[in-house]
Structure formats: C-alpha cells, structure tokens
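Single-structure report; data block below.
Just the heavy atoms: all of them, side chains too, but no hydrogens, waters or symmetry mates, feed the values below. Source: prediction; values computed, not measured.
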Amino acid sequence: MLEKQNEVVSVRHKNNSFLATFLSFSYLVISYGDRLKGKGALFVSVRKNNDDVEEAQEIFSWSGISFIHFDIVHRITRILILLPDKLATAFENVKKNIPGQTGENSLNLVGELYDQSIEDAVNLNYPNSFISTIFELRERLRDITIGFVTGDIDNSEIEEFLKRCQPVLTATKIISDWGHSEMVHVFFRETFSDNALNNLFYLCFELYGRELLSEYRKLRGINKLFK
C-alpha cells in the first residue's frame, strides 16, 4: 500500500482503489470493469468520518461512472462553485429592497443549469445513483429559492445546504480533475500513472482549502449583509 499524508489530508493507494481522507469526510474511488476495452468505470463512496473509522457513515455513493459521464460530472462542479456568490447576491438584492426584486433571480440561473444537467443526465442514461444525489441538491435549492420569493429566508437552511454540497463538489472534482485522466492512462498504458497518488493528494489538499460555506460567509461579510 502506498500512502501520502499531511495534517489535514491523507491518500492511500492499493491495487485498483484510492482512499482520500479529510478531517470530516473520506472518499473511496475504485476502478473496475474491462478498462482495456473502454468499459472501465469508477465506483465512488463518500463517508462522514467519526471516531470509529470502520463505522463511518456513508452519505452517498455512485457506481458506473465511465468515460461517457465526465461531461455532466464536470458541469456539476461548475454549478456548485457558483453557489456562494449567487446566494450572497440574492441577499444583496433583498437588502436593496427594490420593488419586484425578491432576490431569487440569481438563484434561478443556477436552478436552470441544474435542471438542464439533470435532464441531460437522464436522457444519456447516467447512473441513477449520481442523478439522485444531484436531484436532491436541486430540490433543496428550490426550497431556498422559494424562501427568497416569499420573504421566508432561513440562513441556517442555506448554510446546511452548502455543507451538503461540499462533499458532492469534492467527489465531482476528484472524478473530473483526476479520475478522467487516470482512466485514460489505464486505457492506453494498462496501469495508473506514476504520479496518480501524488496528483490525487495535491488535488485533495487544494480542495480542502476551498469550502463553499466559508466562501459564502466571506462574501456576506464583505457586503455586510444580515449579520
């Protein structure tokens, strides 16, 4: 087993599996199937860590993510990254108290991107496990958007939503920024790249420093909104 770690992230590699462990979550990525015939796929399991690693709670898992699925997986990363700014902008619009402007316009843009991604994923037969995770986030965003329309804005609900989005963002980034290139390497070279462990470690270390909730709170602090 190969391992690389620091105080906040560790990554282990054994055979066809990689395990990236953060302080709060662990991400298990397993490559399986006939990769040499272009039929390889990834299984991803995300667990919330606790004191007993063996009893870590799985919060979602995706199976059957292959070459043909990377487009929408990558698209979801871009949508999730938009959320802190769009939510902060919605608060800013409410603060301006412009007649007819309830703050939901910026969220509707994200909602439309979500809806198109889900529609495309369904039409292209993406794995149900992936679609259900994305659909759940879409429904939570819909509830938050309705709150801006009715004036019943719950900031704690927004923060919980961003916390739920965080492991999904990390998982999609691992797949799109690391898993895709590694599956290509396996297809052509019949093995993972020599830098697979290091590349995953540095990606995870970078992702550890990008927290959606922190970005949202920072934006609201800069704009001095509803403290």
Side-chain angles (χ1 to χ4, degrees), residues 1-33 35-36 40-67 69-84 127 129-130 133-134 162-216 218:
M1 178 183 293
L2 301 175
E3 182 171 7
K4 190 175 183 66
Q5 62 182 330
N6 62 16
E7 66 276 9
V8 294
V9 175
S10 71
V11 176
R12 288 180 285 175
H13 173 210
K14 183 177 181 180
N15 298 329
N16 64 331
S17 67
F18 291 81
L19 177 65
T21 303
F22 293 66
L23 294 179
S24 300
F25 296 96
S26 295
Y27 302 81
L28 175 64
V29 182
I30 300 175
S31 174
Y32 67 96
R35 295 166 290 179
L36 303 184
L42 295 177
F43 168 81
V44 180
S45 174
V46 181
R47 295 176 177 268
K48 185 173 180 59
N49 298 332
N50 54 35
D51 293 337
D52 187 345
V53 176
E54 297 299 326
E55 297 298 325
Q57 175 189 2
E58 184 177 78
I59 56 175
F60 64 85
S61 63
W62 303 331
S63 61
I65 301 292
S66 67
F67 285 108
H69 301 131
F70 285 105
D71 174 56
I72 295 178
V73 172
H74 177 64
R75 202 188 306 176
I76 293 300
T77 69
R78 301 181 68 178
I79 293 173
L80 295 175
I81 288 171
L82 289 173
L83 287 172
S129 55
F130 174 78
T133 300
I134 305 309
L162 290 173
K163 290 178 184 177
R164 183 68 179 83
C165 290
Q166 188 64 47
V168 179
L169 173 61
T170 302
T172 54
K173 289 287 282 183
I174 287 174
I175 293 172
S176 61
D177 292 10
W178 176 84
H180 181 266
S181 62
E182 285 303 320
M183 289 190 73
V184 170
H185 196 280
V186 168
F187 179 77
F188 286 105
R189 304 291 180 84
E190 302 184 17
T191 184
F192 294 103
S193 70
D194 293 338
N195 293 321
L197 180 71
N198 284 338
N199 289 342
L200 181 57
F201 173 79
Y202 289 118
L203 171 62
C204 289
F205 186 70
E206 176 185 334
L207 292 173
Y208 178 82
R210 178 152 204 177
E211 186 180 55
L212 296 174
L213 179 56
S214 296
E215 291 182 20
Y216 166 72
K218 182 179 179 181

- Test item: N6 side-chain N/O and V8 main-chain N/O as donor-acceptor pair under 3.5 Å: yes
- Go through the structure and list residues passing side chain to side chain donor-acceptor pair (under 3.5 Å) with E215, not counting sequence neighbours. R210
- Message: Does any part of the side chain of Q5, heavy atoms only, come nearer than 4.5 Å to the side chain of E3, both counted from C-beta?
- Response: yes
- Separation of W62 CH2 from H69 NE2 (nearest 0.5 Å): 12.5 Å
- Item | Value rounded to 0.5 Å, distance of CG in L42 from CG in N16 | 10.0 Å
- Message: My understanding is that only residues two or more places apart in sequence, or in another chain, count here; which of them pass side chain to side chain donor-acceptor pair (under 3.5 Å) with H180?
- Response: none
- Query: Hey, are the side chains of I134 and V168 touching, using non-hydrogen atoms and a 4.5 Å cut-off?
  - Reply: yes
- Which value, rounded to the nearest 0.5 Å, describes the distance between T191 atom OG1 and E182 atom CD? 9.0 Å
- Item | side-chain contact (heavy atoms from CB on, under 4.5 Å) assessment of V184 paired with F67 | CA-CA 8 Å; V184 170; F67 285 108; 3.6 Å; yes
- Given the side-chain rings of Y27 and F18, with only the six-membered ring counted for Trp, is the space between their centroids under 6.0 Å? no
- Message: Students often mix this up, so state it plainly: with edges at 30° and 60°, are the rings of F192 and W178 parallel, tilted or perpendicular?
- Response: parallel
- Message: Set out, in order, the CA-CA distance, both residues' side-chain angles and the distance that settles side-chain contact (heavy atoms from CB on, under 4.5 Å) for I174 and L207, then state yes or no.
- Response: CA-CA 9 Å; I174 287 174; L207 292 173; 4.3 Å; yes
- Query: Got F70 and M183 here, is their nearest side-chain heavy-atom distance under 4.5 Å?
  - Reply: yes
- Note on the structure: Rounded to the nearest 0.5 Å, the NZ atom of K173 sits from the CD1 atom of I81 at a distance of 5.0 Å
- Query: Yes or no on side-chain contact (heavy atoms from CB on, under 4.5 Å) for V44 and I175, after CA distance, side-chain angles and deciding distance?
  - Reply: CA-CA 9 Å; V44 180; I175 293 172; 3.8 Å; yes
- Message: Show, in sequence, the C-alpha distance, side-chain angles and deciding distance for T77 and L80, and conclude whether the side-chain contact (heavy atoms from CB on, under 4.5 Å) test is met.
- Response: CA-CA 5 Å; T77 69; L80 295 175; 6.0 Å; no
- Message: Checking the side chain of Y216 only, and the main-chain atoms of E211 only, is there a donor and an acceptor separated by less than 3.5 Å?
- Response: no
- Task: Can you see which heavy atom on S17 is nearest to which on H13, and at what distance?
- Result: O-CD2, 3.2 Å
Would you tabulate the side-chain donor-acceptor contacts of residues 194-206 under 3.5 Å, counting partners in other chains and residues two or more places apart, or write 'none'?
from	atom 1	to	atom 2	distance (Å)
N199	ND2	N195	O	3.2

- Check E58 against S45 and note the closest heavy-atom contact, atom names and distance. OE2-OG, 2.5 Å
- Query: Rounded to the nearest 0.5 Å, how far apart are OG of S176 and CD1 of I76?
  - Reply: 11.0 Å
- Query: Nearest heavy-atom pair of G64 and P127: which atoms, and what distance?
  - Reply: O-CG, 3.5 Å
- Task: Check the pair S26 / N49 against side chain to side chain donor-acceptor pair (under 3.5 Å), numbers first and verdict last.
- Result: CA-CA 7 Å; S26 295; N49 298 332; 2.7 Å; yes
- Are side-chain heavy atoms of V186 and S31 found at a separation under 4.5 Å? no
- Message: Within the structure provided, determine whether F60 and S129 are in side-chain contact (heavy-atom separation under 4.5 Å).
- Response: no
- About how many Å separate CD1 of I79 and NE2 of H74, when rounded to the nearest 0.5 Å? 10.5 Å
